[in-house]
Amino acid sequence: MSYLGLPPIPPDLKPITSYLQRAHDTRTQDPVISYWCAYYAAQVGIGLRVVSSPNRTFLASLLTTLENVRSTVGPSDAIIVESASSAYVENFALRVFSSADNEDRCGAATRKTAKKFLAAATFFEVLNVFEDRGPWEAHKEKVRYAKWRAADISKALREGRQPSTPVAATSGGE
């Protein structure tokens, strides 16, 4: 599949797919989040050091897309100032996580809830792009919990049973 109008992702760059998917999903709803997801995808992709021609071409296209998104957003502290950017991404991730967690704790978990948990985990992982490691360190357990709950909910739904409701003591690593 193609995200953000980019060519298909080369197999060597598969690890960046979830970040590009989230960038694509949020491009109209929240362009700032879209920018940071794409930025992190570019950072991870470059860090993979896969230097074949298709990979370089894809990453060059991604960087061009990043610049276009940045110019579309315009001057914004949520892109220019790192502390504001980090707080913006963290707050967005927390909102998505809380939405999924509230549905889950009410016993109303669905496939959409599992997808929200996975999206929240991805948004928390984007915090790795910032120099200040504090926000990422503060939410590492939430990432693990979100991925586990997404898998648990998906498994229960595949098996045709209602997902178990988490107990209050396992409050997502809080």
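Please read these numbers as outputs of a predicted model, since none were measured by experiment. All heavy atoms count here, side chains included; hydrogens, waters and symmetry mates do not.
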J.: Would a single hydrophobic cluster contain both Val129 and Phe123, if residues Ile, Leu, Val, Met, Phe, Trp and Tyr are joined by side-chain heavy-atom contacts under 4.5 Å?
T.: yes
J.: Would you say the side chain of Ser18 lies within less than 4.5 Å of the side chain of Arg22, judging by non-hydrogen atoms?
T.: no
J.: Is the closest side-chain heavy-atom distance between Asp104 and Thr165 below 4.5 Å?
T.: no
J.: Take Asp152 and Lys155 through the salt bridge (Lys or Arg N to Asp or Glu O under 4.0 Å) test and state the conclusion after the steps.
T.: CA-CA 5 Å; Asp152 192 51; Lys155 181 181 177 190; over 6 Å; no
J.: What side-chain donor-acceptor pairs closer than 3.5 Å can you find for residues 38-56, not counting sequence neighbours?
T.:
{"residue": "Ser52", "atom": "OG", "partner": "Asn55", "partner atom": "ND2", "Å": "2.9"}
{"residue": "Asn55", "atom": "ND2", "partner": "Asp12", "partner atom": "OD2", "Å": "3.0"}
{"residue": "Arg56", "atom": "NH1", "partner": "Val51", "partner atom": "O", "Å": "3.0"}

J.: Does any non-hydrogen side-chain atom of Tyr3 lie less than 4.5 Å from one of Ile9?
T.: yes
J.: Check whether more than 12 heavy atoms from other residues, nucleotides or ligands sit under 6.0 Å from atom CZ of Arg144, and answer yes or no.
T.: no
J.: Show the nearest heavy-atom pair for residues Trp36 and Ile79, with the distance to one decimal.
T.: CZ2-O, 3.5 Å
J.: Could you state whether Ile16 and Leu118 fall into the same hydrophobic cluster, counting links through intermediate Ile, Leu, Val, Met, Phe, Trp or Tyr residues with side-chain heavy atoms under 4.5 angstrom apart?
T.: no
J.: Can you check whether Phe130 and Trp136 have ring centres sitting under 6.0 Å from each other?
T.: no
J.: Do Phe92 and Thr26 have side chains that get closer than 4.5 Å, going by heavy atoms?
T.: yes
J.: Just so I know, are the side chains of Ile153 and Thr110 near enough to count as touching, which here means a heavy-atom distance under 4.5 Å?
T.: no
J.: Taking side chain to side chain donor-acceptor pair (under 3.5 Å) as the cut-off, I'd like each qualifying pair that reaches into residues 78-98, sequence neighbours left out, listed once.
T.: Asp30-Tyr88, Glu90-His139
J.: Measure the shortest side-chain to side-chain distance between Asp25 and Gln21 over non-hydrogen atoms and say whether it is less than 4.5 angstrom.
T.: yes
J.: Given 3.5 Å as the limit, does a donor-acceptor pair link the side chain of Arg27 with the main chain of His24, or not?
T.: yes
J.: Nearest 0.5 Å, please: how far is CG in Leu6 from OG1 in Thr64?
T.: 9.0 Å
J.: Out of curiosity, Lys142 NZ to Lys147 NZ, how far, rounded to the nearest 0.5 Å?
T.: 15.5 Å
J.: State, to 0.1 Å, how close Arg149 and Pro166 come at their nearest heavy-atom pair, and which atoms those are.
T.: NH2-CD, 3.8 Å
J.: To the nearest 0.5 Å, how far apart are CG in Leu13 and CG in Leu62?
T.: 9.0 Å
J.: Just so I know, are the side chains of Phe124 and Val89 near enough to count as touching, which here means a heavy-atom distance under 4.5 Å?
T.: no
J.: Mind checking ring-ring contact (aromatic ring centres under 6.0 Å, His included) for Phe58 and listing every partner two or more places apart, or none if nothing turns up?
T.: none
J.: Please say whether more than 12 non-hydrogen atoms of neighbouring residues, nucleotides or ligands are located less than 6.0 Å from CD in Glu159.
T.: yes
J.: Using every non-hydrogen atom in the two residues, find where Val73 and Pro31 come nearest and quote the distance to one decimal.
T.: CG2-CB, 3.6 Å
J.: So Lys115 and Ser154, side-chain contact (heavy atoms from CB on, under 4.5 Å) or not? Walk me through it.
T.: CA-CA 9 Å; Lys115 288 180 179 183; Ser154 295; over 6 Å; no
J.: Hey, what do you get for CD (Glu103) to OG1 (Thr113), rounding to the nearest 0.5 Å?
T.: 3.5 Å
J.: What's the spacing between Lys116 NZ and Asp101 CG if we round to 0.5 Å?
T.: 11.0 Å
